[in-house]
Amino acid sequence: MSVDKFTPYNGKTIQRAPQWGRVPGELREAVTVVSQVLPFRTNQYVLDELINWDNIPDDPIFRLNFPHRAMLDDTDYATLRDVIAAGDKRQIALHAGKLRKRMNPHPAGQQTHNVPELDGKEMSGMQHKYSQTILLFPKHGQTCHAYCTFCFRWPQFVGDGELAFAAEDAQGLSAYLARHREVTDVLITGGDPLIMRTNTLARYIEPLLAPEFEHVQNIRIGTKSVAYWPQRFVTDRDADELIRLFERVVNAGKHLAIMGHYNHPAELRPDIAQTALKRIIAAGANARLQSPILRHINDNAEAWRELWTTGVRLGAIPYYMFVERDTGARSYFEIPLVRAYEIFRDAYQRVSGLARTVRGPSMSAFPGKVLIDGTPTIRGEKVFALQFLQGRHADWARRPFYAGYDPDATWFDQLTPAFGAEKFFFEDELPLPSPTARELAVVGA
C-alpha cells in the first residue's frame with residue numbers, strides 16, 4: 001500500500017528514514033560527502049515502493065537517488081571528506097563550490113547562448129534554443145519530490161543563485177510570446193513544475209489559454225513526479241484540481257503533453273504509478289516517456305523494452321532515449337556512444353510498432369539534438385551516421401552527416417568529421433566552442 005503523506009529526506013535528515021539502518025557505513029559516508037557538491041533528496045514513497053533493499057547498492061533506483069563515492073574523483077572525494085571532518089562550514093562551502101564549477105554546470109550553451117532577450121534585456125528564467133519552443137523555469141518549481149543523481153539540472157538545486165534559472169512570474173513569458181509568434185510550444189520545466197500547488201501552476205498556464213496566444217499550440221510540463229510521487233495526480237489534496245486544470249487546457253484547444261521522466265521500469269510498476277498515468281490520459285493530456293541511458297541504472301535492452309511496452313499498454317508514448325549530458329557526475333553514468341546505440345537497437349527490435357515512436361540515442365549538444373543513426377562502413381571507413389532532430393538553425397534538421405568511428409567516445413564533442421573533412425557542415429554557420437573556451441567558462445575565468 002503506497003504512502004499518501006509526502007515525507008522528504010535530505011542529507012541531514014535521511015537518518016530518520018526507517019531504511020537508513022540498512023545502508024552500510026561506507027555508503028552513509030558517501031551520502032555525507034557527495035551531497036555537499038551534488039544535491040540529495042529522496043522521499044518515503046521512493047524508499048518504500050521503488051528500491052529493492054535486498055539489492056543495495058546495486059539496485060538501480062538506489063543508485064538513482066543515493067550519492068556514491070565514485071561520483072567524485074578519488075582525490076576530490078578524500079579532500080572534501082577531510083574538510084568536512086575539520087568542521088569549518090565556510091571551507092566546506094568553498095571547496096564544494098569549486099568542485100561544482102568544474103562539473104560544467106550549464107552545458108550546451110544554456111547560459112551563454114540560450115537565454116532570450118526582449119528590448120535588450122535578458123529574460124530571466126527562460127531559454128529559447130529552438131525557434132518553435134520556449135522553456136520556462138518557474139521560481140516556485142525549483143525543487144523535485146526527489147533528485148536523480150545524474151540530473152543535468154542539478155545547478156537548480158544547490159542554492160547558488162548564479163547557477164539557477166528562475167522566472168519570478170508569468171508576465172515576462174507573456175510579453176515575450178506576444179512578440180514571438182513563431183513559438184508554438186511552451187515547455188514548463190525546472191526543477192519540477194508539479195512540486196507546485198495547482199493554483200500556483202495555474203498562474204503560469206492559464207494566461208497561455210487567452211486568444212492572443214493562439215499561436216501557442218502545445219503546452220508541455222516536464223516532470224519526474226509521475227515516478228517519484230504519483231500521488232500528485234491521485235491522492236494529493238489538490239490532485240483533482242490538477243486534473244481539472246489539465247482538462248481546461250485541453251478544452252481550450254491546446255495540446256497538453258506531460259513529459260514523464262521515467263528512468264527505469266521499476267518506476268512504472270506500482271499500482272498508484274499506473275493509476276496516475278491513466279488519470280493524466282483520461283483528462284485528455286498526452287503522456288510521453290523519456291530518459292537518458294545511464295550506466296548502473298538502465299544500460300540494458302530489457303529495461304528499455306519493459307519501460308516502453310508498459311508505457312504503451314497504459315496509453316503513454318515512448319519519446320526519447322537521451323545520452324547522458326556532459327555535466328555533473330557524468331563519468332559515473334556515461335557509456336560509449338556505440339554501446340548506447342547497440343542497446344537502443346536491441347530494445348527497439350523487441351517492441352511492436354506502437355512503441356517505435358521513440359527516438360535515440362540523442363545528444364542534446366551545443367548545436368542541437370544529435371541522433372546516432374548507426375555505425376555503417378562507407379567507402380571502407382567505419383563511421384557514426386548522425387543527424388539533427390533539432391538544430392540551432394531549422395534547416396539542419398534531418399540532414400545526415402558523418403563522424404569518424406570512435407569506440408570510446410561518450411559525447412558529441414569527442415567526435416571528429418569522417419572522410420578527412422576538416423569540420424562538420426554546420427560549423428561555418430555556428431562554430432563549436434573550443435574545449436579551452438568551455439573550460440575557462442566553467443571555472444569562471
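Small disclaimer: the values here were computed from a predicted structure and weren't measured.
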Non-hydrogen atoms of Ala283 and Ile243 that approach each other most closely: CB-CG2, 3.8 Å
Lys/Arg N to Asp/Glu carboxylate O, Lys423 vs Asp428, below 4.0 Å: yes
Validation row: Thr79, Thr75 side chains within 4.5 angstrom (heavy atoms): yes
Option among Glu324, Arg295, Glu334 that satisfies the side-chain hydrogen bond (donor to acceptor under 3.5 Å, both in side chains) test with Thr410: Glu334
Any side-chain heavy-atom pair of Tyr45 and Pro230 under 4.5 Å: yes
Asp373 and Gln387 side chains, donor-acceptor separation under 3.5 Å: yes
NZ/NE/NH1/NH2 to OD/OE distance under 4.0 Å, Glu302 and Arg350: yes
Worked check of side-chain contact (heavy atoms from CB on, under 4.5 Å) between Met126 and Phe137: CA-CA 6 Å; Met126 294 168 55; Phe137 299 76; 5.9 Å; no
Nearest-0.5 Å distance that lies between atom CD1 in Ile293 and atom CZ in Phe344: 10.0 Å
Residues Leu277, Tyr262; criterion side-chain contact (heavy atoms from CB on, under 4.5 Å); working and verdict: CA-CA 12 Å; Leu277 198 50; Tyr262 294 97; 3.8 Å; yes
Min side-chain heavy-atom separation Tyr320-Leu289 under 4.5 Å: no
Side chains of Glu117 and Met123 in contact at under 4.5 Å (non-hydrogen atoms): no
Asn298 side-chain N/O to Leu294 backbone N/O, donor-acceptor pair under 3.5 Å: yes
Spatial distance of atom OG (Ser364) from atom CG (Asp326) [nearest 0.5 Å]: 10.0 Å
Atom pair CD1 (Ile272) and CZ (Arg232), whose distance is rounded to the nearest 0.5 Å: 12.5 Å
CD/Glu182: more than 12 non-hydrogen atoms of other groups inside 6.0 Å: yes
With a 3.5 Å cut-off and sequence neighbours excluded, list the donor-acceptor pairs that the side chains of residues 55-66 form with protein atoms.
residue: Asp58; atom: OD1; partner: Arg63; partner atom: NH2; Å: 2.6
residue: Asp59; atom: OD1; partner: Asn52; partner atom: N; Å: 3.3
residue: Asp59; atom: OD2; partner: Ile61; partner atom: N; Å: 3.1
residue: Asp59; atom: OD2; partner: Phe62; partner atom: N; Å: 3.0
residue: Arg63; atom: NE; partner: Pro57; partner atom: O; Å: 3.1
residue: Arg63; atom: NH1; partner: Tyr332; partner atom: OH; Å: 2.4
residue: Asn65; atom: OD1; partner: Thr42; partner atom: OG1; Å: 2.8
residue: Asn65; atom: ND2; partner: Ile61; partner atom: O; Å: 3.4
residue: Asn65; atom: ND2; partner: Tyr228; partner atom: OH; Å: 3.1

Geometric class of the Phe426/Phe424 ring pair [parallel <30°, tilted 30-60°, perpendicular >60°]: parallel
Approximate separation, where rounding is to 0.5 Å, of Leu415 CG and Tyr405 OH: 11.5 Å
Whether Glu29 side chain and Gly25 backbone form a donor-acceptor pair below 3.5 Å: no
Partners passing salt bridge (Lys or Arg N to Asp or Glu O under 4.0 Å) against Arg398 (at least two apart in sequence or in another chain): none
Heavy-atom side-chain contact between Leu99 and Asp73 under 4.5 Å: no
Whether Phe401 and Phe425 hold their rings parallel, tilted or perpendicular, with breakpoints at 30° and 60°: perpendicular
Minimum-distance pair of heavy atoms, taken over all atoms of Leu208 and Leu173: CD2-CD2, 4.0 Å
Charged N-O contact under 4.0 Å between Glu267 and Lys224: yes
Whether Trp304 side chain and Pro265 backbone form a donor-acceptor pair below 3.5 Å: no
Donor-acceptor under 3.5 Å (His264 side chain, Ala266 main chain): yes
Criterion side-chain contact (heavy atoms from CB on, under 4.5 Å) on Val34 and Tyr77, from CA distance to verdict: CA-CA 8 Å; Val34 180; Tyr77 182 94; 4.0 Å; yes
Sidechain-backbone polar pair: His140 side chain, Pro193 backbone, donor-acceptor under 3.5 Å: no
Interatomic spacing from CG in Leu38 to CD in Gln36 - rounded to 0.5 Å: 11.0 Å
Residues Gln19 and Gln44: side-chain donor-acceptor under 3.5 angstrom: yes
Stacked cation flag Arg392 on Phe366, 6.0 angstrom / 45 deg: yes
Derivation and outcome, side-chain contact (heavy atoms from CB on, under 4.5 Å), residues Leu386 and Phe412: CA-CA 10 Å; Leu386 308 170; Phe412 183 63; 4.1 Å; yes
Among Gln217, Arg220, Gln132, side-chain hydrogen bond (donor to acceptor under 3.5 Å, both in side chains) partner for Asp185: Arg220
For the student: nearest non-hydrogen atoms of Val183 and Ser131, plus distance: CG2-O, 3.8 Å
Parallel, tilted or perpendicular, as decided by the 30° and 60° cut-offs, for the rings of His128 and His180: perpendicular
Presence of salt bridge, Arg339 and Glu342, under 4.0 angstrom: yes
Donor + acceptor pair across side chains of Arg288, Asn286 (<3.5 Å): yes
Close side-chain approach of Trp308 to Arg356, heavy-atom, < 4.5 Å: no
Sub-4.5 Å side-chain heavy-atom contact between His68 and His296: no
Any Arg69 side-chain heavy atom under 4.5 Å of Val33 side chain: no
Greater than 12 external heavy atoms within 6.0 Å of Gln414's CD: yes
Point-to-point distance, once rounded to the nearest 0.5 Å, from CG of Leu307 to OG of Ser291: 7.5 Å
Any side-chain donor near an acceptor of the partner, Arg359 and Tyr319, under 3.5 Å: yes
Donor-acceptor contact below 3.5 Å, side chain Thr327 vs main chain Met103: yes
